[in-house]
There are 2 protein chains.
Amino acid sequence: MDRRILKTQEALKKAVIELMSEKNFDDITIQDLSDRANVSRGTIYLHYLDKFDLLDNLIEEHINVLREMCRTASELDFIKATLMWTEYFERNYSFFSMMLASKGAPYFRGRFLDLLIEELTNEVDVTKGKNERLNEDLLVRFVASAYVGVVEWWFTNKKPVPHHVLAEQLGTLLERNV
Amino acid sequence: MDRRILKTQEALKKAVIELMSEKNFDDITIQDLSDRANVSRGTIYLHYLDKFDLLDNLIEEHINVLREMCRTASELDFIKATLMWTEYFERNYSFFSMMLASKGAPYFRGRFLDLLIEELTNEVDVTKGKNERLNEDLLVRFVASAYVGVVEWWFTNKKPVPHHVLAEQLGTLLERNV
DNA sequence: CTTGATTTGTAAAGTAATGAACAGTTACTT
DNA sequence: AAGTAACTGTTCATTACTTTACAAATCAAG
């Protein structure tokens with residue numbers, strides 16, 4: 001892939017994250033993005049429809065990485081799997097912090113919850129064991145909401161515990177409920 | 001000026017400074033620069049003849065900024081003028097440190113000394129005052145060499161004093177001798 | 001010396017990014 | 001309400017950068 005494409009897209013993604021930490025997303029203009037990313041204004045339209053499309057792509061990209069991690073970690077227990085996620089959270093702290101802490105972008109929370117529901121549905125088994133006689137959708141919803149809530153808490157409170165502790169405890173709770 | 005030009009040149013300058021802190025300049029290949037700057041190998045030749053030309057341009061650029069500072073600061077006393085320089089040293093620490101500390105690039109020291117001799121020649125006056133009866137070239141050489149020596153000491157010893165102290169003391173010594 | 005592997009410098013064809021211009025919105029000020 | 005300032009989305013010709021390829025040079029063992 002042409003490295004020019006990657007470079008401008010990287011610059012734009014970095015720019016939108018930076019600007020969102022400085023002002024409301026609604027107040028960010030295409031001109032702001034052009035200035036911050038040091039990319040011609042017209043160039044932005046070669047890649048994205050508008051600033052919303054840019055943000056959507058950024059979100060989708062991270063969601064896809066997390067989904068992919070779920071797939072490759074399907075052999076592992078919940079603690080190790082969650083550790084992969086929290087390490088990714090750590091590496092991309094500014095992005096997730098922006099999306100989950102502060103009311104920044106409510107859209108992302110939904111996408112994140114959807115992903116969890118999607119992936120957990122493959123994991124739970126209500127035909128036997130501790131979850132026998134539980135409604136599957138209800139159980140999945142329960143665990144997914146809890147998970148998202150804890151991750152939100154972690155970001156809004158600026159990492160009150162190290163990411164591996166978060167992983168270990170979230171993993172344990174997952175193990176107990178799924 | 002086309003921002004693409006500025007961007008690739010910036011990337012290449014940054015790359016060469018980074019690489020020089022990791023290996024000998026002679027061991028740096030054009031391929032290394034291409035990889036580090038994330039710029040196509042062929043593109044480098046659109047801007048520079050070879051890696052030496054790249055380094056020369058980088059050096060010349062800094063020398064020119066310093067020279068320009070001399071001109072604009074000709075109204076100021078030596079302490080204030082030196083402060084402008086040391087602030088610039090501070091902002092571009094990695095470059096100057098690379099060029100003056102460690103035997104990195106002996107070429108730069110010469111260019112730096114030449115600049116000082118050039119600029120000091122406009123300042124000294126051997127027709128009257130404390131320097132009456134002194135040989136002008138000898139005096140200029142004396143002060144310039146001393147100045148360069150102190151700056152080298154400052155970088156090789158990793159900023160043993162804050163830059164404004166360096167400026168104040170160097171400025172005082174200049175005042176006393178010129 | 002010869003072989004094989006890097007590196008170098010150059011060329012060619014294609015593509016993405018550029019600045020400049022444009023009309024059409026939107027959003028303040030007066 | 002009118003004016004004006006800023007932003008948007010699009011078009012256009014130009015240009016810098018891209019990948020790929022190639023021959024020459026440099027270099028390191030065998």
Side-chain angles (χ1 to χ4, degrees), chain A residues 1-62 64 98 103-108, chain B residues 1-62 64 98 103-108:
Chain A
M1 192 174 183
D2 196 317
R3 76 213 309 162
R4 283 174 294 185
I5 297 175
L6 294 172
K7 275 192 269 188
T8 58
Q9 290 189 354
E10 281 310 309
L12 285 168
K13 287 175 206 159
K14 184 160 171 282
V16 77
I17 293 173
E18 276 179 29
L19 288 166
M20 282 180 77
S21 73
E22 296 166 21
K23 55 166 89 172
N24 202 308
F25 182 69
D26 296 329
D27 298 335
I28 297 173
T29 69
I30 295 283
Q31 187 67 57
D32 289 337
L33 290 163
S34 162
D35 292 341
R36 185 62 65 101
N38 196 19
V39 156
S40 188
R41 197 166 56 83
T43 304
I44 298 174
Y45 296 103
L46 299 177
H47 297 272
Y48 308 102
L49 299 171
D50 49 35
K51 64 178 181 174
F52 302 100
D53 191 42
L54 165 57
L55 185 61
D56 283 357
N57 271 274
L58 184 54
I59 289 172
E60 216 56 31
E61 216 169 90
H62 284 292
N64 285 335
M98 199 58 50
K103 50 281 164 196
Y107 176 59
F108 179 73
Chain B
M1 193 174 182
D2 196 316
R3 70 205 325 155
R4 283 174 293 185
I5 298 175
L6 294 172
K7 275 193 268 188
T8 57
Q9 292 189 353
E10 281 310 310
L12 286 168
K13 287 176 207 161
K14 184 159 170 282
V16 78
I17 292 173
E18 277 178 30
L19 288 166
M20 281 181 78
S21 73
E22 297 166 20
K23 56 166 90 171
N24 201 309
F25 182 70
D26 296 329
D27 298 335
I28 298 173
T29 68
I30 294 285
Q31 187 67 57
D32 289 335
L33 289 164
S34 162
D35 293 342
R36 184 63 64 97
N38 196 20
V39 156
S40 190
R41 197 167 57 83
T43 305
I44 298 175
Y45 295 103
L46 299 177
H47 297 271
Y48 307 102
L49 298 171
D50 49 35
K51 65 179 180 173
F52 302 99
D53 190 41
L54 165 56
L55 185 61
D56 283 356
N57 271 274
L58 184 53
I59 289 172
E60 216 55 33
E61 216 169 89
H62 284 292
N64 284 334
M98 198 58 51
K103 50 280 164 200
Y107 176 59
F108 178 74

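Values reported hereafter were calculated over all heavy atoms of this structure, with side chains retained and with hydrogens, waters and symmetry mates removed. Below, chain A is the first sequence line, B the second, and so on; all start at residue 1.
Looking at residues two or more places apart in sequence or on another chain, you find a side chain to side chain contact (heavy atoms under 4.5 Å, CB included) between A:Ser21 and A:Met98. Applying the side-chain hydrogen bond (donor to acceptor under 3.5 Å, both in side chains) criterion to B:Thr8, with sequence neighbours excluded, gives B:His47. Applying the ring-ring contact (aromatic ring centres under 6.0 Å, His included) criterion to A:Phe52, with sequence neighbours excluded, gives A:Phe25. Qualifying side-chain hydrogen bond (donor to acceptor under 3.5 Å, both in side chains) partners for B:Ser34, counting only residues two or more places apart in sequence or in other chains: none.
Atom pair B:Asp27:CG and D:dT26:C1' shows a separation of 14 Å (rounding to whole Å applied). With rounding to whole Å, B:Lys7 atom NZ is found 10 Å from D:dC17 atom P.
Taking five base pairs at each end of the helix from C:dC1-D:dG30 to C:dT30-D:dA1 and finding the rotation axis that steps the C1' atoms of four pairs onto the next four gives two axes whose angle is 50°, to the nearest 10°.
Among pairs with a residue in residues 49-58 of chain B, none fulfils salt bridge (charged side-chain N to carboxylate O under 4.0 Å, His left out), at least two apart in sequence or across chains. Residue pairs meeting the salt bridge (charged side-chain N to carboxylate O under 4.0 Å, His left out) criterion with at least one partner in residues 1-11 of chain A, sequence neighbours excluded, are A:Asp2-A:Arg4, A:Glu10-A:Lys13. Residue pairs meeting the salt bridge (charged side-chain N to carboxylate O under 4.0 Å, His left out) criterion with at least one partner in residues 26-38 of chain B, sequence neighbours excluded, are B:Glu18-B:Arg36, B:Glu22-B:Arg36, B:Lys23-B:Asp32.
Within residues 9-16 of chain A, no residue has a heavy atom under 4.0 Å from DNA chain D.
Side-chain proximity of A:Leu46 to the nucleotides D:dT19, D:dC17, C:dA17 is greatest for C:dA17.
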Task: nucleotides 4-10 of chain C: protein proximity per nucleotide (B base, S sugar-phosphate only, - neither; heavy atom, under 4.0 Å) - done: ----BBB
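One finds the CG atom of A:Leu58 at 13.5 Å from the NZ atom of A:Lys14 (value rounded to the nearest 0.5 Å).
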Identify the pairs formed between an N or O of the protein and an N or O of nucleotides 12-15 of chain D at a distance under 3.5 Å, and give each distance.
| residue | atom | partner | partner atom | Å |
| --- | --- | --- | --- | --- |
| D:dT15 | O2 | B:Arg4 | NH1 | 3.0 |
| D:dT15 | O2 | B:Arg4 | NH2 | 3.2 |

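Closest approach of B:Ile28 to B:Leu33, counting heavy atoms only: CG2-CG, 4.0 Å.
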